[in-house]
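Some notes on the structure that comes next.
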Number of protein chains: 2
Amino acid sequence: MDRRPPETPALAELLTGSCYCLATRRASRRLVRLYDAALADHDLTISQLATLAWIRHLRHPTVQRIADLMEMDQSALSRGLMPLERAGLVSSAPDEKDKRKRVLRLTEEGDQRLIAASADWQKAQDEVARQQADIGADVTRLMAGINRLAANDG
Amino acid sequence: MDRRPPETPALAELLTGSCYCLATRRASRRLVRLYDAALADHDLTISQLATLAWIRHLRHPTVQRIADLMEMDQSALSRGLMPLERAGLVSSAPDEKDKRKRVLRLTEEGDQRLIAASADWQKAQDEVARQQADIGADVTRLMAGINRLAANDG
DNA sequence: CGTGGATATATGCATATGCAGCTAATTCCA
DNA sequence: TGGAATTAGCTGCATATGCATATATCCACG
């Protein structure tokens, strides 16, 4: 006899992979594994690479500013910076004009590691595009939809 | 004067949001926040809801089997089960035939919480679909592409 | 009937994330 | 100008994840 309880419509839908949240997270996990592996030689994760890139890009990079740009909680970024500072890739100093803020800066090594790793990031990116040429359009469409959701937030 | 170093093509691409990995992860973070908030009243995360749903669905749910289905590392699921067992929503017993395996089971309360929470999951899912009707197609396309990537793995 | 290889779990270690709450600094306004 | 409201950042707490590794089983083969 089958001891499994009867399915409900909602549970059935959730399990068939049609939950937007679960499906997207799954895709995210796969890609992160792929990109992280591509960057492993540089001892950087894709998240850390992005953080370094933002610090290099901005005129006046602070924790909150980067967190906003990466659309993540400031506390998460704050913690994410720790291994980078520990590794000597990022340094920081309080802002002269606003002592609450912490102004970030890439060290010489941080800059070099970022540049070197970005070449392997490009390889991973190209490889994904090569294997699945439409993915760019797919991701673009998904982000457009997601952005519309966010717009309704406040 | 502008102290920012010159951009490289790769870094420029990475920062403009065209990194498949970062874009997907960002979308994932947003959706997780949204669904987790929708489930907060039930003290469940979207991840925990999925885990409970799989346990309820399978004839013979074990850690590895569910990890495979959710496409995540077995150790991650193993840890994810802890709060569920601690909360009394899931119980387990060693498999009679194969003592290495741990057979999972929903408790009465686990079953009730799952059913109750799935109604709110449906609300979140419907709300997302309502605000962005195309998202289903977007996610489907993305997953199809991602699945093609995975096929090239082994 | 061993024993080596494969399988199922768990743990140590590290990053990734978010929320709540705390402190310091700044800003705004009466 | 002085206190309220806001802003930046941090820390405590909890889950989410993956990799490497240790342990217990199981299984197939000699």
Side-chain angles (χ1 to χ4, degrees), chain A residues 21-22 24-40 43-52 60-68 70-87 89 92-104, chain B residues 21-22 24-40 43-52 60-68 70-87 89 92-104:
Chain A
C21 178
L22 292 171
T24 305
R25 176 185 267 190
R26 182 141 89 190
S28 164
R29 275 201 303 259
R30 272 209 206 153
L31 288 171
V32 168
R33 281 199 298 266
L34 204 126
Y35 281 69
D36 276 0
L39 299 174
D43 259 301
L44 287 175
T45 65
I46 178 62
S47 190
Q48 295 173 331
L49 189 73
T51 304
L52 294 181
H60 201 71
T62 64
V63 177
Q64 184 63 60
R65 177 111 174 77
I66 295 177
D68 286 344
M70 296 179 75
E71 201 172 327
M72 50 190 289
D73 194 276
Q74 158 273 137
S75 69
L77 182 64
S78 179
R79 284 196 167 82
L81 285 168
M82 291 177 185
L84 296 174
E85 299 197 67
R86 202 189 315 137
L89 307 183
S92 68
D95 185 335
E96 284 303 308
K97 318 275 181 140
D98 185 341
K99 288 166 192 162
R100 289 172 306 179
K101 296 181 183 173
R102 190 152 72 94
V103 182
L104 304 168
Chain B
C21 178
L22 292 171
T24 305
R25 176 184 267 190
R26 182 140 91 191
S28 165
R29 275 201 302 258
R30 271 208 207 154
L31 289 171
V32 167
R33 281 199 298 265
L34 204 124
Y35 282 68
D36 276 358
L39 300 175
D43 259 300
L44 287 176
T45 66
I46 179 63
S47 190
Q48 296 173 331
L49 188 74
T51 304
L52 294 181
H60 202 71
T62 63
V63 177
Q64 185 63 60
R65 177 110 174 76
I66 295 177
D68 286 345
M70 296 179 73
E71 200 174 328
M72 50 190 289
D73 194 275
Q74 156 272 138
S75 68
L77 182 64
S78 179
R79 284 198 168 82
L81 285 168
M82 293 177 184
L84 296 174
E85 299 196 67
R86 203 189 316 137
L89 307 182
S92 68
D95 185 335
E96 284 302 307
K97 317 277 180 138
D98 184 342
K99 289 168 192 161
R100 291 172 304 178
K101 297 181 183 173
R102 191 152 72 94
V103 182
L104 304 168

Under 3.5 Å, which protein N or O atoms sit close to an N or O of nucleotides 1-3 of chain D? Give each pair with its distance.
none

Report yes if the side chains of B:R25 and A:L31 come closer than 4.5 Å at any heavy-atom pair, otherwise no. no

Derivation and outcome, side chain to side chain contact (heavy atoms under 4.5 Å, CB included), residues A:D95 and A:H60: CA-CA 9 Å; A:D95 185 335; A:H60 201 71; 2.8 Å; yes

N/O donor-acceptor pairs under 3.5 Å from side chains in residues 72-80 of chain B, not counting sequence neighbours:
unit_1 : atom_1 : unit_2 : atom_2 : d
B:D73  : OD1    : B:S75  : N      : 2.8
B:D73  : OD1    : B:S75  : OG     : 2.6

Round to a whole Å and report the spacing from [atom1] of [X] to [atom2] of [N].
| X | N | atom1 | atom2 | answer |
| --- | --- | --- | --- | --- |
| A:H60 | D:dT7 | NE2 | P | 17 Å |
| B:E96 | C:dA8 | CD | P | 17 Å |
| B:R100 | D:dC26 | CZ | P | 7 Å |
| A:E85 | D:dG9 | CD | C1' | 12 Å |
| A:R65 | D:dT7 | CZ | P | 15 Å |

For A:R102, give me all partners under side-chain contact (heavy atoms from CB on, under 4.5 Å), at least two apart in sequence or on another chain. A:V63, A:L81, A:E85, A:S92, A:L104

Listed partners of B:P83 passing side-chain contact (heavy atoms from CB on, under 4.5 Å), at least two apart: B:Q48, B:R86

If the sugar-phosphate is the primed atoms plus P, OP1 and OP2 and the base is the rest, what is the B/S/- string for nucleotides 14-21 of chain C, using protein heavy atoms under 4.0 Å? -SSBBB--

Among D:dA24, C:dT26, D:dC10, which is the nearest nucleotide to the side chain of A:D98? C:dT26

List in chain and number order the residues that pass salt bridge (Lys or Arg N to Asp or Glu O under 4.0 Å) with A:D98, two or more places apart in sequence or in another chain; answer none if no residue qualifies. A:R100

Residue A:R65 excluded, over 12 heavy atoms near CZ under 6.0 Å: no

Looking at A:R102, I'd like to know whether one of its side-chain N or O atoms comes within less than 4.0 Å of OP1 or OP2 on D:dC10. yes

For C:dT9 and B:S78 - does any side-chain N or O of the residue sit under 4.0 Å from the phosphate oxygens OP1/OP2? no

To the nearest 0.5 Å, how far apart are CG in B:L44 and CG in B:L84? 7.0 Å

